[in-house]
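Each remark here refers to the structure printed beneath this line.
Just the heavy atoms: all of them, side chains too, but no hydrogens, waters or symmetry mates, feed the values below.
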Amino acid sequence: MAEADGKSTLLNGGSEDKDTGEDQHKEEDASGSKEGQTQSSQDAPKETKEASGDKPMPDVEGETGANREGEDEEDTDSMDGSGLYSLTEDGERESEGGRRERAKEKDGGKRAARKRNRPGGGGTTNHSSSSDEDDDDEEDEEQKDEEDDDEAMEAWLGAELRDMRGPIWRAVPSLRSREIGKESHQFVRRVCGARGLVQRLELQGRLERHTGCVNTLHFNPSGTRLASGSDDLRVVIWDWAVRRAELEFDSGHKSNVFQAKFLPHSGDSTLAMCARDGQIRVAELSATQRCKNTKRVAQHKGAAHKLALEPDSPCSFLSAGEDAVVFGIDLRLDRPANKLVVVKEGDKKVGLYTIFVNPAKTQHFAVGGRDQYVRIYDQRKINENDNNGVLKKFCPSHLVSSESKTNITCLVYSHDGTELLASYNDEDIYLFDSNHSDGADYRRRYKGHRNNATVKGVNFYGPSSEFVVSGSDCGHIYLWDKYSARIVQFMEGDRGGVVNCLEPHPHLPGMATSGLDHDIKLWAPTAEVPTGLKGLKEVMKKNKRERDEDSMRHGDQYDTQLLWFLMRHMRNRRPPRARREGADPDTDESWSSPDSSDEEEGGPDHVQCMSS
C-alpha cells in the first residue's frame with residue numbers, strides 16, 4: 001500500500017513540486033559566485049539519481065534485498081502511475097497550471113529581451129511599440145484559446161468518469177499459486193482481464209493476403225484459427241500463430257463481404273457469411289483444408305451487415321439487413337430462412353446494421369440500426385401487433401428527443417448477457433443493463449473516439465468483459481476500463497485512417513484488428529513498460545472538434561433545407577399536378593419491402609469453390 005500511495009502522490013503532481021524546487025535551486029546557483037556554479041555542476045548527478053530514484057523501475061539489476069521483497073508484493077496490474085490518462089485529476093490540473101505559469105514567465109522574459117535588443121533600447125517609434133503589442137496580444141489569445149480547450153475537454157470527460165478500481169490480479173502471488181497447483185484453472189482468465197497487461201498491448205505482426213479492406217474477423221471457438229472477409233470477395237482461414245493462410249476461397253458474394261463466422265460445435269467445418277449484396281451464404285469446409293462449396297440460404301433486399309450466432313447451436317443463427325428484416329436460419333430445414341420480425345418504429349421501418357444473441361438467454365436477441373433505439377426481442381413471443389413485437393427498448397435519455405439523426409453501428413452483449421454495449425455514429429459508446437426495464441437510461445458512457453466514416457464495431461475485452469474496445473476514424477484503437485470509463489490503452493491501428501473490426505482472442509490476452517488497410521494486425525501484451533498514452537490528448541481534441549463541426553454543419557444544412565421547403569411551398573400554393581397512376585409518395589426505398597425472402601434474386605444459390 002505504501003508503494004501505491006507513493007505512485008498516487010507522484011501522479012498528483014509530486015514530480016512537479018520537485019521540478020519547481022530544482023528550478024529555484026538553479027536560479028540561486030546562477031546568481032551566485034563561479035565557485036557556487038562549479039559546486040552545483042558537481043552535485044547535479046546526485047540530484048538526477050535521487051530524482052530518478054523516486055520513480056519505480058521494474059526488474060532493475062542490483063536492487064537491494066528489501067526492494068526485491070517489496071517488488072514481490074507489487075501488483076503488475078496496478079500500472080496507474082504510468083499508464084492512465086485523465087484530464088480531470090486535481091494533481092494534473094495543478095501541474096498543468098504550473099507549467100503554463102512557467103511558460104508565461106519564460107515567454108515574457110523572451111519578449112522583454114527582444115525589446116531590449118532592438119535599436120533604441122526597446123523601441124523609439126510608435127510603430128514598433130504597436131507591433132510588439134499586437135504580437136503580445138496574439139500570443140496571449142492563442143494561449144487563452146489553448147487553456148479554454150483544455151478546460152472544455154476536462155469538463156466534457158469529467159462528467160462521465162469514475163475512480164479506477166483497485167487491481168484484481170497480482171503477478172507474483174498468482175505465479176506462485178500456479179506452481180503449486182492452486183487455482184491454476186483460473187490463471188489464464190485472470191491474466192486476460194489484468195489491466196497491467198492491457199496497458200502493455202503492442203503490435204505483434206500482420207497477416208497479409210487480401211487485396212481490399214478487411215471487414216470481418218472471427219476466431220474459431222478454440223482460438224486456433226482466424227477467419228477474415230474482405231471487399232475483394234474472398235474469405236481466408238488463417239493459422240494466425242504462424243501467420244500463414246491455410247485456406248482461401250471465393251465467398252460467392254457479388255459485393256463486399258461484411259461477416260464470416262465459424263458456427264459453434266461444427267468442427268470448424270461450417271462458415272456463415274453475409275455481404276452488401278444482401279445474401280446470407282454458408283460455406284462447407286473439409287478436413288483437408290478445402291472449401292467444398294458455398295450456398296445461399298437467405299436473401300435480404302438490402303445490405304446484410306451482421307450475423308448473430310446461437311452459442312450452442314451448430315446449425316442455427318440470425319441475420320439482420322437494411323431491409324429491416326430479421327431472419328432466423330436453420331440449416332436442417334429445406335427452406336432455412338424464417339422471417340422473425342420486421343423492425344419498425346411506429347409504421348416506419350428501421351434498417352438494421354447490427355444484431356446479437358444474448359449468450360445467457362439465447363431466445364433473446366438485440367438489434368440496432370437507423371435510429372437511436374436498442375431493441376430487444378424474445379423469439380418465443382414476437383407479436384408485431386403488440387408494440388411491434390419489441391420486448392424492451394433502450395436509448396440514452398438525451399437522444400430520445402434529439403433532432404440529430406444518430407444510428408447504432410454495432411452492439412454486443414457481455415459474456416454473461418447482463419450488459420449491452422452500443423456504439424452510436426457521431427456520438428459515444430453506451431453501456432446498458434439488459435435486465436433493466438423498458439426505457440431505462442444508460443449506465444456508462446465511453447468518450448474520446450470518433451465514429452463517423454464507416455459502420456464501426458465495438459466489443460468487450462477480457463473473459464469477464466472488464467474492458468471496452470473500439471476503433472476510430474483517426475486510425476487508433478481505444479480501450480476503456482468498463483467500470484471507470486477511463487482510457488487505459490491507446491494504440492495506432494490502421495494507417496488508412498479507420499479501424500472497424502476488433503476481435504479479442506477467446507482464451508488468450510490479445511486480439512486481432514482490421515480496417516481500411518488490406519492487412520490484419522495482431523496485438524499481444526509484450527511491451528516492457530505500460531503505455532504512456534502518448535498523443536492521446538491531441539487526438540481526442542481533434543476528434544471532438546471534428547464532431548462538433550459536423551454537428552454544426554448538419555444543423556445549418558437542416559435549417560437551409562427547411563427554409564427552402566417553406567419558400568417553395570409559399571410560391572406553389574396552387575394544387576399540384578396529378579401524379580402518375582400508381583405512384584405512391586410515401587413508398588420506402590426498394591430495399592425496405594417487407595417481402596424479403598430467400599427466393600429473391602441476388603446471385604447463384606450454389607457455388608462450387610476451389611481453394612487457392
Side-chain angles (χ1 to χ4, degrees), residues 160 258-259 305-308 318 320-322 324 326 341 343 345 350-361 364-377 390-402 404-462 465-473 477-483 485 487 499-504 543 547:
E160 305 292 340
F258 284 153
Q259 275 213 313
H305 290 272
K306 290 289 192 295
L307 303 173
L318 307 179
E322 291 187 17
V326 175
V341 66
V343 177
E345 180 63 25
V350 179
L352 300 177
Y353 293 137
T354 181
I355 183 170
F356 210 94
V357 170
N358 188 326
K361 302 175 182 178
H364 289 189
F365 65 90
V367 297
R370 291 181 174 174
D371 69 1
Q372 64 270 47
Y373 293 103
V374 174
R375 293 173 174 85
I376 297 178
Y377 294 86
V390 178
L391 180 66
K392 59 178 77 173
K393 291 195 302 186
F394 298 133
C395 179
S397 56
H398 62 283
L399 296 180
V400 172
S401 58
S402 174
S404 62
K405 296 182 178 180
T406 55
N407 300 329
I408 298 173
T409 62
C410 186
L411 57 77
V412 291
Y413 275 101
S414 61
H415 71 291
D416 57 2
T418 60
E419 295 171 321
L420 196 55
L421 198 63
S423 181
Y424 286 76
N425 75 306
D426 284 324
E427 253 283 340
D428 300 316
I429 299 169
Y430 295 90
L431 182 73
F432 300 94
D433 188 331
S434 61
N435 294 323
H436 278 178
S437 59
D438 182 32
D441 204 357
Y442 68 92
R443 293 180 55 196
R444 297 285 189 280
R445 183 177 184 177
Y446 306 96
K447 297 181 176 181
H449 78 309
R450 175 101 165 102
N451 181 5
N452 173 265
T454 57
V455 180
K456 205 164 281 75
V458 69
N459 216 332
F460 287 101
Y461 181 89
S465 306
E466 293 92 344
F467 304 94
V468 172
V469 59
S470 174
S472 175
D473 291 350
I477 300 165
Y478 293 75
L479 282 107
W480 294 264
D481 175 69
K482 184 181 73 174
Y483 173 78
I487 296 173
V499 178
N500 293 326
C501 187
L502 309 106
E503 178 72 4
N543 290 343
R547 198 171 90 176

Task: Partners passing ring-ring contact (aromatic ring centres under 6.0 Å, His included) against Tyr461 (at least two apart in sequence or in another chain) - done: none
Open item on the list: Which residues pass the ring-ring contact (aromatic ring centres under 6.0 Å, His included) test with Phe365, not counting sequence neighbours?
Closed with: Tyr377
What pair of heavy atoms forms the shortest contact from [X] to [Y], and how long is it?
X	Y	answer
His436	Ala440	CB-CB, 3.6 Å
Thr354	Leu411	OG1-N, 3.2 Å
Tyr478	Gly448	OH-O, 3.4 Å
Pro396	Phe432	CD-CZ, 3.6 Å
Val350	Ala324	O-CB, 3.2 Å
Gly471	Leu502	N-CD1, 3.4 Å

Supply the atom-to-atom distance [X] [atom1] to [Y] [atom2], rounded to the nearest 0.5 angstrom.
X	Y	atom1	atom2	value
Ile477	His449	CD1	NE2	13.0 Å
Ser414	Asp433	OG	CG	9.0 Å
Ile376	His364	CD1	NE2	8.0 Å
Ser401	Gln372	OG	CD	9.0 Å
Glu160	Tyr446	CD	OH	10.0 Å

Is there a side-chain contact between [X] and [Y] (heavy atoms, below 4.5 Å)?
X	Y	value
Leu352	Val343	yes
Asn435	Lys361	yes
Leu421	Ile429	yes
Phe356	Lys306	no
Glu427	His398	yes

TODO: Scan for salt bridge (Lys or Arg N to Asp or Glu O under 4.0 Å) pairs involving residues 405-415, sequence neighbours excluded, and state none if there are none.
DONE: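 Applying salt bridge (Lys or Arg N to Asp or Glu O under 4.0 Å) to every pair that reaches into residues 405-415, excluding sequence neighbours, yields nothing.
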Open item on the list: Please list all pairs meeting salt bridge (Lys or Arg N to Asp or Glu O under 4.0 Å) that have one or both residues in residues 407-421, counting only residues at least two apart or in different chains.
Closed with: Glu419-Arg443, Glu419-Lys482
Non-neighbouring partners of [X] that pass side chain to side chain donor-acceptor pair (under 3.5 Å), sequence neighbours left out:
X	value
Asn459	none
Asp438	none
Ser423	Asn451

- [ ] Name all pairs fulfilling the ring pair (Phe, Tyr, Trp, His ring centres under 6.0 Å) condition that reach into residues 405-427, sequence neighbours left out, sorted by first residue then second.
- [x]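 Those involving residues 405-427 are Tyr424-Tyr430.
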TODO: Take the angle between the ring planes of Phe258 and His305 and call it parallel below 30°, perpendicular above 60°, tilted in between.
DONE: parallel
Strictly distance-based, threshold 3.5 Å: is any side-chain N or O of [X] a donor or acceptor partner for the main-chain N or O of [Y]?
X	Y	answer
Ser434	Leu420	no
Lys456	Ser470	no
Asp428	Arg445	no
Trp480	Lys447	yes

Task: Set of salt bridge (Lys or Arg N to Asp or Glu O under 4.0 Å) partners for Asp371, sequence neighbours left out - done: Arg375
Open item on the list: Run the salt bridge (Lys or Arg N to Asp or Glu O under 4.0 Å) test against Lys393 and tell me which residues pass, sequence neighbours left out.
Closed with: Glu345
- [ ] Give the C-alpha distance, both sets of side-chain angles, the deciding distance and a yes or no for side-chain contact (heavy atoms from CB on, under 4.5 Å) between Val468 and Leu431.
- [x] CA-CA 10 Å; Val468 172; Leu431 182 73; 5.7 Å; no
- [ ] In sequence, state the C-alpha distance, the side-chain angles, and the governing distance for Val400 and Tyr373, and then conclude on side-chain contact (heavy atoms from CB on, under 4.5 Å).
- [x] CA-CA 8 Å; Val400 172; Tyr373 293 103; 3.7 Å; yes
Task: Non-neighbouring partners of Ala360 that pass side-chain contact (heavy atoms from CB on, under 4.5 Å), sequence neighbours left out - done: Asn358
Task: Partner residues of Asn407 under the side-chain contact (heavy atoms from CB on, under 4.5 Å) criterion, sequence neighbours left out - done: Tyr353, Arg370, Asn425
